[in-house]
Each structure stands twice: as structure tokens, then as C-alpha cells.
Asks: 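Structure incoming, see below.
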Amino acid sequence: MYGRTASQLVKELASNEANQLSSFNNDLVDQVIKECDNHHLELQNLMRKIQDEGLDVQTTRNADHFGAVIHHLSLSRNKRCLMAYMYNRAQIIQDLRWKVGHTLPQEVKEKLNHREVEYFKNHSDALEKYISKLDLDLTVDMVPPKDPYLKVRVLEDIGHVPLADQSSNLARHSIHFLKRTDAERFISLGLMEELSG
């Protein structure tokens, strides 16, 4: 039955948890592309047959016309299913940049094909260029903070570091009251921890 393979791609998307990636299904995508190629060839053959018989393609309503319509609709449906599969994966990959930063975790990288890894890299580079032109890190504080300052404990000796509004010696086990934007990068690297209260 035409379109069944492509619909499996959409079912695979629907069966995944929200914003979770399954491994890229190369086999199924290749089968859908092959089916699209076959539909395209059949459509061309039927259209050529109608023209060779001297019939008007626009007004002819014979078996060849209806066969061409079926192949055209099947081709369109397969393309829509492929586009839905690729678009949803691309959206999840873009969201990953905001959640995990510019380096993909290995368990996520294993689920992507090489083009998706390249897409993530290009998206990340474009976002980095935009952030550098703004001179504002958009990836920090996805939820607005209640206080722009954090109380943090230094876990590893960082040394003397220039910060946004001051310069500070960040020695191991020392406690500081820093701007959130300064502290976030050290917290994400595991060099500091936020203290509550």
C-alpha cells in the first residue's frame, strides 16, 4: 500500500516522549525516498503515455490519468511525512542548544545522523555569532531570576578572575556573592555551586 512506510516515520515521532529524540531511522527514510523515486518515475511514464496518445493532460479522464493522480498524491504524502519527520527532529535539535550548550552529550550524539550533527554545529555557531554581536548571553537565565546575585561556594581553586563589576580571587572553599551572569559559567563547568538561602 502506498504511503504506509512514510506513515511509520510519523508514528515513530508520535510514539516518542515530548522533546525526546529516538535514533535517526536511516533505513525507513531511505525506503521512503526510494518509494518517492518510484512514484515520480511512474508519474512521468503515465504523463508521457497520455501525451503520446495525443490526449490533453488537463482534460483527459482515463485510467492513466487516475493512475497519475494516485502516484502524485502518494508522492506528495510521502514528502509531507518526510518533512514532518525532519522538521520535528530539527526543532528538538535547536532546543538542545538552549538546554545543553554548544557541546552535545554523547548519548544524544549517537541518536543523530551526520547531517543532524552538522546542523546542530551550524545552528550553534550562528547563535554564538548573534550572541557576540549583541554582547549579551541569551542562553543564561531562560527563566528570569528573582535576584541578579547568587551566593556561591568555590569548589576548585580558580584563581584571580576579572568579573563584570569587580575583580576577585576565587579560592577553593571560599564563599562569594557574585552576579548571576558571572557565576553561571563557573557553575556549569562544575567549579562552583550555588548556595541556597
Asks: With hydrophobic residues grouped by side-chain heavy-atom distances under 4.5 Å, do F24 and Y119 end up in a single group?
Replies: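 Different clusters: F24 never reaches Y119 through Ile, Leu, Val, Met, Phe, Trp or Tyr contacts under 4.5 Å.
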
Asks: Honestly curious: do Y85 and V10 fall in one hydrophobic cluster under the side-chain, below-4.5 Å linking rule?
Replies: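 Result: no, two separate clusters.
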
Asks: Please test L127 against R97 for side-chain contact (heavy atoms from CB on, under 4.5 Å), starting from the C-alpha separation and ending with a verdict.
Replies: CA-CA 9 Å; L127 186 60; R97 173 58 178 90; 3.6 Å; yes

Asks: What's the verdict on side-chain contact (heavy atoms from CB on, under 4.5 Å) for V108 and V100, showing C-alpha distance, side-chain angles and the deciding distance?
Replies: CA-CA 10 Å; V108 173; V100 301; over 6 Å; no

Asks: Which pair of non-hydrogen atoms, one from L46 and one from H71, has the smallest distance, and what is that distance?
Replies: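 Minimum heavy-atom separation between L46 and H71: CD1-CD2, 3.8 Å.
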
Asks: For atom CZ of R115, is the number of surrounding heavy atoms from other residues, nucleotides or ligands below 6.0 Å larger than 12?
Replies: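 Atom CZ in R115 is not packed in, count stays at 12 or less.
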
Asks: Please report the shortest heavy-atom distance between G159 and N169, naming the atom on each side.
Replies: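 Scanning both residues completely, I find the closest heavy atoms to be C-OD1, 3.4 Å.
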
Asks: Distance from K11 atom NZ to N16 atom CG, nearest 0.5 Å?
Replies: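 Result: 14.5 Å between the selected atoms.
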
Asks: In the single-linkage hydrophobic clustering (I, L, V, M, F, W, Y; side-chain heavy atoms under 4.5 Å), do V29 and L112 co-cluster?
Replies: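 Different hydrophobic clusters.
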
Asks: Can you tell me how far the SG atom of C81 sits from the CG atom of L13, to the nearest 0.5 Å?
Replies: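 CG of L13 is found 10.0 Å from SG of C81.
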
Asks: Walk me through whether H114 and E118 qualify under side-chain hydrogen bond (donor to acceptor under 3.5 Å, both in side chains).
Replies: CA-CA 6 Å; H114 69 280; E118 187 67 24; over 6 Å; no

Asks: Distance check, rounded to the nearest 0.5 Å: L155 atom CG versus S174 atom OG?
Replies: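 L155 atom CG to S174 atom OG measures 10.0 Å (nearest 0.5 Å).
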
Asks: Please report the shortest heavy-atom distance between L43 and A68, naming the atom on each side.
Replies: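 Reported closest heavy-atom pair: CD1-O, 3.3 Å.
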
Asks: Should D125 and K121 count as an ion pair when the cut-off is N to O under 4.0 Å?
Replies: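 Yes, charged N to carboxylate O under 4.0 Å.
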
Asks: Starting from the C-alpha separation in whole Å, work towards a yes-or-no answer on side-chain contact (heavy atoms from CB on, under 4.5 Å) for E110 and S23.
Replies: CA-CA 7 Å; E110 291 169 356; S23 294; over 6 Å; no

Asks: Counting neighbours of OH on Y87 that are heavy atoms of other residues, nucleotides or ligands and sit closer than 6.0 Å, is the number greater than 12?
Replies: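 Counting neighbours around OH of Y87, 12 or fewer heavy atoms of other residues, nucleotides or ligands fall under 6.0 Å, so no.
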
Asks: Indicate the atoms forming the closest heavy-atom contact of L170 with F186, along with that distance.
Replies: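 The pair with the smallest heavy-atom distance is CD1-CE1, 4.1 Å.
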
Asks: Between D182 and V161, is a side-chain contact (heavy atoms from CB on, under 4.5 Å) present by the stated rule, with each step listed?
Replies: CA-CA 10 Å; D182 291 331; V161 177; over 6 Å; no

Asks: If two hydrophobic side chains count as joined below 4.5 Å and joins carry through other members, does L75 share a cluster with L82?
Replies: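 No; tracing contacts between hydrophobic side chains, which count when under 4.5 Å, never links both residues.
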
Asks: If every non-hydrogen atom of C36 is compared with every non-hydrogen atom of N78, which pair is closest and at what distance?
Replies: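 Result for this residue pair: SG-CB, 3.4 Å.
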
Asks: So do the side chains of N62 and E53 get within less than 4.5 Å of each other, counting heavy atoms only?
Replies: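 Answer yes - side chains close enough.
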
Asks: Could you tell me which non-hydrogen atom of H102 sits nearest to which non-hydrogen atom of F120, and how far apart they are?
Replies: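 The pair with the smallest heavy-atom distance is O-CE2, 3.6 Å.
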
Asks: So, E116 side chain and N113 main chain: donor-acceptor pair closer than 3.5 Å or not?
Replies: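 Confirmed, E116 side chain pairs with N113 backbone.
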
Asks: Between V154 and L189, is there a shared hydrophobic cluster once you connect ILVMFWY residues whose side-chain heavy atoms come closer than 4.5 Å?
Replies: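 Same hydrophobic cluster.
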
Asks: Take atom CD in E107; do more than 12 heavy atoms of anything else shown fall under 6.0 Å from it?
Replies: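 More than 12 heavy atoms, drawn from other residues, nucleotides or ligands, come within 6.0 Å of this atom.
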
Asks: What's the separation between atom CD in Q31 and atom CG in N25, rounded to the nearest 0.5 Å?
Replies: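 Here the interatomic distance stands at 8.0 Å.
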
Asks: Quick one, Q8 and V32 - any side-chain contact, counting heavy atoms below 4.5 Å?
Replies: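 In short, these two side chains do not touch, never coming nearer than 4.5 Å.
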
Asks: Hey, can you tell me if F177 and Y149 have their rings parallel, tilted or perpendicular (30° and 60° cut-offs)?
Replies: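 The rings of F177 and Y149 lie parallel, inter-plane angle below 30°.
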
Asks: Count the heavy atoms of every other residue, nucleotide or ligand shown that sit under 6.0 Å from NE2 of H65, and state whether that count exceeds 12.
Replies: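 Counting neighbours around NE2 of H65, more than 12 heavy atoms of other residues, nucleotides or ligands fall under 6.0 Å, so yes.
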
